[in-house]
Every structure is written in C-alpha cells, then in structure tokens.
Q: 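Take this structure first; my questions come after.
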There are 2 protein chains.
Amino acid sequence: MARSPHKKSSAPASGNAVTADLVAVLVAVTDGTPDIMTIAGGSALPSGPFEFTHRSLQTALRAWVEAQTGHPLGYVEQLYTFADRGRSGDAKSPHSVSISYLGLTREDKVGEGFEAHWSGWYDYFPWEDHRAGAPAFIARSIAPKLKAWAKAAPSPTLQRERWQRCAITFGLDDRDWNEELVLQRYELLWEASLIPEAGRAHDREAPIVPGKPMTADHRRILATGIARLRAKIKYRPVVFELMPAEFTLLQLQRSVEALAGRLVHKQNFRRLIEQQELVEETGAMAADTVGRPAKLFRFRHAVLAERAVAGTKLPLSRT
Amino acid sequence: MARSPHKKSSAPASGNAVTADLVAVLVAVTDGTPDIMTIAGGSALPSGPFEFTHRSLQTALRAWVEAQTGHPLGYVEQLYTFADRGRSGDAKSPHSVSISYLGLTREDKVGEGFEAHWSGWYDYFPWEDHRAGAPAFIARSIAPKLKAWAKAAPSPTLQRERWQRCAITFGLDDRDWNEELVLQRYELLWEASLIPEAGRAHDREAPIVPGKPMTADHRRILATGIARLRAKIKYRPVVFELMPAEFTLLQLQRSVEALAGRLVHKQNFRRLIEQQELVEETGAMAADTVGRPAKLFRFRHAVLAERAVAGTKLPLSRT
DNA sequence: ACCATTTATACTCTCCTTGAGCATAAGATG
DNA sequence: CATCTTATGCTCAAGGAGAGTATAAATGGT
C-alpha cells in the first residue's frame, strides 16, 4: 500500500491490473436437505468474472443468479474476498480477486439449458451432519487420523496443542460439538493432509477422509458459507428465506435442523418461535400428513420492519 | 457472471481489468478513548493499491501497517469489499475493487515522517458515545430532523415505517439503545441527507448533524468497522489485543466501554471476566492510583489455544 | 488521629431464559 | 377400537444476567 492519502483516481500505471471474480454459495432447503448450487458435475461453485456494467457487486450477483434459476435471490450476503496470484507456476496468468457471496433462495428449480444443478451440502461435508448423532466415521476414521497427525508434531507441547485443537473443533474427548466451526474443521483436515485438495506430492499416500472434493478452494468457500449461515440463523430470521410461503412449525424446525446439522427440542423450538411473534397462522391446516394435522403458518413480514436489525433466537446454544 | 464453469485462468481479454485497493480501519484504545488511524488531516482512512508481491491480502495489509507504525498488528479481519466504477463522470478512470480491513493494535505510536495520525472515533460519530447517557443532541437535534424526514415520506404507511426505523436504530420512543447498529444509523442519516457526504445538490440546504465527515465512503467503512468490533468483543477475546501487557480490571472495563460506547456494571464485569478465566494475576499491584490499589492482570494466552474458537462473554446484552 | 473520598472486591437476591420432560389432543390405519 | 404418529399445552429445575449491599484499602485534608 502507498503512503499517498487516498488517491484511487491516480491509478498505478502498471502491475496492479487484476480481474474480479464472483463466486456464489447458493443455498436452498428441500425436504430437510440443504442444497447448494454447483456446476461441472458438482465439482465447483458457480463463478465468473464481474461485469462492471452493474452498479454493484451485489447487483451483479443477483442478476446472474436470477438469470440462471429464474428466481429472485431472497437474501444475499458477502462472504470473503481472496487474492489469487494466478495459477501457480504460470507467470502469465493474470492476478485475480475472488469475491464470494452467500445467497439464499426459496425454490430449487434451475433454469433449463444450464449445467448448474443442486447438490446436497453434506455430500461435501459428511462430518457436519449430526442430526442422527455424531457420524460413526468421525470416531472410527477421522479421530485416529487426527491423532496420528497430532503425534507427528515435533515437540510434546506442539503435539498436545494440535490434539487440543482437534478435540475442540471435532468435539472429541467428551467435548460438545460446535456446529459453527465448519471452516475450522475443514482447515484442520486440510492441514492434516486429509483433504484431497490439500494434496501435496509427498502426502499422496496419506489416508483421506470421506466427502466430495471441489475445484481449487471452492470447498473452503462453501465451508465459509455454511459456517456463516449456521451462525446467522441464530440471531436473524433468515431461515424464512428458504421456506415456502406457508409451512408448519415442524417443517420450519426441520429446515433449521438441516442447516445446523443437529436436532432441536421440539417444544422449545415452538415456544421460541411463537413468543418472538415471527410467524402467524394462516388459518389453514397442512394437508395429507401423517398424524395430527398441523396448523400452517406464514412469516410475519412485519418483523422485518419492526426489528429489521434486532435479533431472533433459536434453541441452538451459542457456546 | 458467465456460465462457464470456473475458468479463472481464461481471463477475459478486455474490459474486466480493475485495480485492487486496501482500506484499513486501524483501532487502538488509549485511556478510554478509541482511536483510529487517519491520513490527510483526519479526513480519510489509510488506503492504497494492493501489491501482488504479497502472498495474500492480509499479508499485504500487515506489512504495510507495520511499516507505517512500527508495531505488529494484533488482530486483522476482513470487513467488506466494494466495487467502484471509477469517479463518476470520468469514463477513463479505472474500475477498482476496494477491500476493507479491521485491524487492532496495542500501541498508538505512529512512525516518524508519516502523515498518519490517530483520531478519536467519536469525532466522526458523536452520536455513538452513550457512556455518559444518550448525548443530548440526539433528542434535541437528530430526532426532530429524522422526524421531519419521516414525515416527508409520500404515504402515511411509509411515514410510519420510516419513523419506526428511526426509532429502532436510535433508541427513540423509549426503546433501548443498541450499540451495534452503527452502520444502520449512519445509513439512515445518509438517506435523510443529514450527512455531508450524502450531499445531493438539491439538498445543500438540508440541516446537518454533528460529526466530522470523511472522503468518499470512508466514514461508512469506519462505521462498518466499529459495528463489527462492537459485535465481536461480546463473543471473542479481542479486547486484549488493545490492552497493554498488564492492566487492572477497571482499565479493561474502560476499554470495553470505550468500544461499546456504553457503561457496564462493574461487579458483573469482573464476575464474567474471572469466571471465564480470561486473565490471571501478575502478583503486582497498580502504582500511583487514586483509591485502593488494584491487582494487575495479564491476558491468559492459553485461552487462545483452549478455545481459540470458543466464545467469550461480556455484560453487554446482545438484543 | 479522623474523616471524606475514591476505587477494589466479595456476596446476595431476584427474575428470566433455557433445557428437558410429562401429558393430552387429533388425525390416520388396520 | 387399539395403535401409531404428529401437534400442542404446561411444568419444573438449573443456570445466567442484571442490579444492589457491604466491606476493604488506599489517598489527602483538617
């Protein structure tokens, strides 16, 4: 950076030209399955160069997604910006800045003629789904590999620190599982060379953990998006962006659980939703259900005005 | 964005070249005053083009700041990325992408020969300091102007919505003050043309609110940084990045209060800090104090390992 | 020496939230 | 009609948060 006081207009004549790319984590929930939009057979997130014909980054993203899926994006939030030095080894390759976004959409139809389609996000992060308890392969497969990695640290102190980190992020040694640590877990697995994308030559033989890989750092971006969303649903009414116009409280709960990757106490969930007046009855009842029919609710859009900025609560502890 | 699946390397030959700028919100706290680093006589945040000789954006920022102040940056976090279409009207001006960062630093010395210096952040946002209660000019000056703006809306419904928004963000009509809504307040004042930076020609005569303006959108970036920091101190032990090696609990409390812009209950503050084992006694006592001398504490760096990712609590309600 | 003042520090108390469980209602199915 | 399934209402105990009381340890003035 230069010392000169804010002189954007006097742009450097050379060397600093870059391209700007957008990368999108588009989320939808269908029948309790959280999906993300992917291209290239599920091996990449949708991405492309930013066109400066748009007013802003967000506008560009919305326009593109809406053209792609035919549906408006309910909620859009910027995630993170990286700088890439072009492909390694290829000095001619241009520098680029990648700006990633999280987008929530209600429907999961993808326009015809596009190669984009929806993939379940737990295909990429099977260890993140704790709705049926901690997946067995964490204890059976991941934990031992992490232990081996921790043991491989040069000093006993470092070994202990590594293992402590593993135990915290993966909820080992009787610790609680923290569903928000998606990115930390991914980065830990990367460091331990348990992720194919990390594949350094000398680690080719390293044992690998389940989960579908993605191009470049796309799985990391996805992890960032999931982490952000899991944190956000706890204090902002964003879940509703993923719901149909009318829904039962159980459907709402299932969506929250799908995102959080863990179950919540049903009665407490209802208590919180109702006491916050986030929803109102439509008067109708859910059709063709098993068991007692449930009331249908709709999101009270008024709350967006009442406390567009204020909080929401969900029975997911925020420790 | 293009439909092509992830082809960064096949960069567009034209039109998409941009420059990347970094903008920094650097925060330090001295004697209960939160400061930010500014240039150009306090009218701009430090910024400059990103040099691709650095490994990453964060590295570039750190290097630059350390060169500038001679001190390592304790904590760095990305804030937001904007795209600018060059200066309006100047078609030749290059497009640019501005990436803003929040940085915390312990000392507030600025290297010699630089024009950078520290400014109190409440100079720019006087309405954000509620440590001595709500500033009188909010009720006396801001609220009436906001009310006038709300009344100017075309329909009664819109008038009500506008006013509701004002009341929520500024804690009017007996609502609670929410210190995290820094950005929302700034944007509201902007919309109401009460901010010089908003200055549209036809509003030149509009009454203006106290607070020092900044170049371009720098005050908005600063608002983003303050908001982020106010939110962060509630669940991450970042305050310590701003403290000297040893401090009393009151000093720590004053720093938190300086950032949050509001007072906290002393006994409860201590209770929380101690029960979380964030600090440990140094054994020494504070010198030359008024009143009973206080024990000196230091931050327990171990907690960064123990729960690098886990939470912290402060007696600031998160409604 | 004594007192007012200032800050430090230890407890207590009450209300609210949260996590969890029990009980009952209202449908479908055989 | 018994049983299964989901919906929905209610209670209870433990912990946390907000706020107040009481006491201790220093300083400076009279």
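Order of the sequence lines fixes the chain letters, A, B, ..., with proteins taken first and strands second; residue numbering starts at 1 for each chain.
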Q: Report yes or no: is there a donor-acceptor pair, N or O only, under 3.5 Å between the side chain of A:R271 and the base of D:dG9?
A: no
Q: Please answer whether the main-chain N or O of A:R175 pairs with a side-chain N or O of A:D173 as donor and acceptor at a distance below 3.5 Å.
A: no
Q: In this structure, how many angstroms lie between the C1' atom of C:dA8 and the CZ atom of B:F269, rounded?
A: 14 Å
Q: Is there, by distance only and without an angle test, a donor paired with an acceptor across the side chain of B:E274 and the base of C:dT9 below 3.5 Å?
A: no
Q: Quick one: B:K234 NZ to D:dA17 C1', roughly how many Å, whole number?
A: 14 Å
Q: Starting at CG of B:N268 and ending at P of C:dT12, how long is that distance when rounded to a whole Å?
A: 15 Å
Q: Heavy atoms from C-beta onward define the side chain here; which of C:dC11, C:dC22, D:dG18 lies closest to that of B:Q267?
A: C:dC11
Q: By nearest heavy atom, map A:K266 and B:R292 onto DNA chain D; which one lands nearer the 5' end?
A: A:K266
Q: Of the candidate nucleotides D:dT8, C:dT9, D:dT5, which contains the atom at the shortest distance from the side chain of B:K295?
A: C:dT9
Q: May I have the distance from B:D176 (atom CG) to D:dG18 (atom C1'), rounded to whole angstrom?
A: 13 Å
Q: Give A:L249 one of three labels, base, sugar-phosphate or nothing, depending on what nucleic acid heavy atoms sit under 4.0 Å from its own.
A: nothing
Q: Among B:R228, B:K234, B:R230, B:K232, which one satisfies salt bridge (charged side-chain N to carboxylate O under 4.0 Å, His left out) with B:E180?
A: B:K234
Q: Dump the intermediate steps for side-chain contact (heavy atoms from CB on, under 4.5 Å) on B:I138 and B:L172, then the final yes or no.
A: CA-CA 9 Å; B:I138 289 184; B:L172 307 172; 4.2 Å; yes
Q: Quick one: A:H265 NE2 to D:dA7 C1', roughly how many Å, whole number?
A: 13 Å
Q: Return the orientation label for the B:F299 and B:F240 ring planes: parallel under 30°, perpendicular over 60°, tilted otherwise.
A: parallel
Q: Atom CG of A:L252 to atom P of D:dT6: distance rounded to whole Å?
A: 17 Å
Q: Using whole Å, report how far CG of A:L263 lies from P of C:dA20.
A: 12 Å
Q: Counting side-chain heavy atoms from CB outward, which of D:dT8, D:dA22, C:dG27 is closest to A:A294?
A: D:dT8
Q: Between B:G291 and B:R270, which has a closest nucleotide on DNA chain C that is more 5'?
A: B:G291
Q: Measure from NZ or CZ of A:R185 to the centre of the six-membered ring of A:W177, then state whether that distance is under 6.0 Å and the direction lies within 45° of the axis.
A: yes
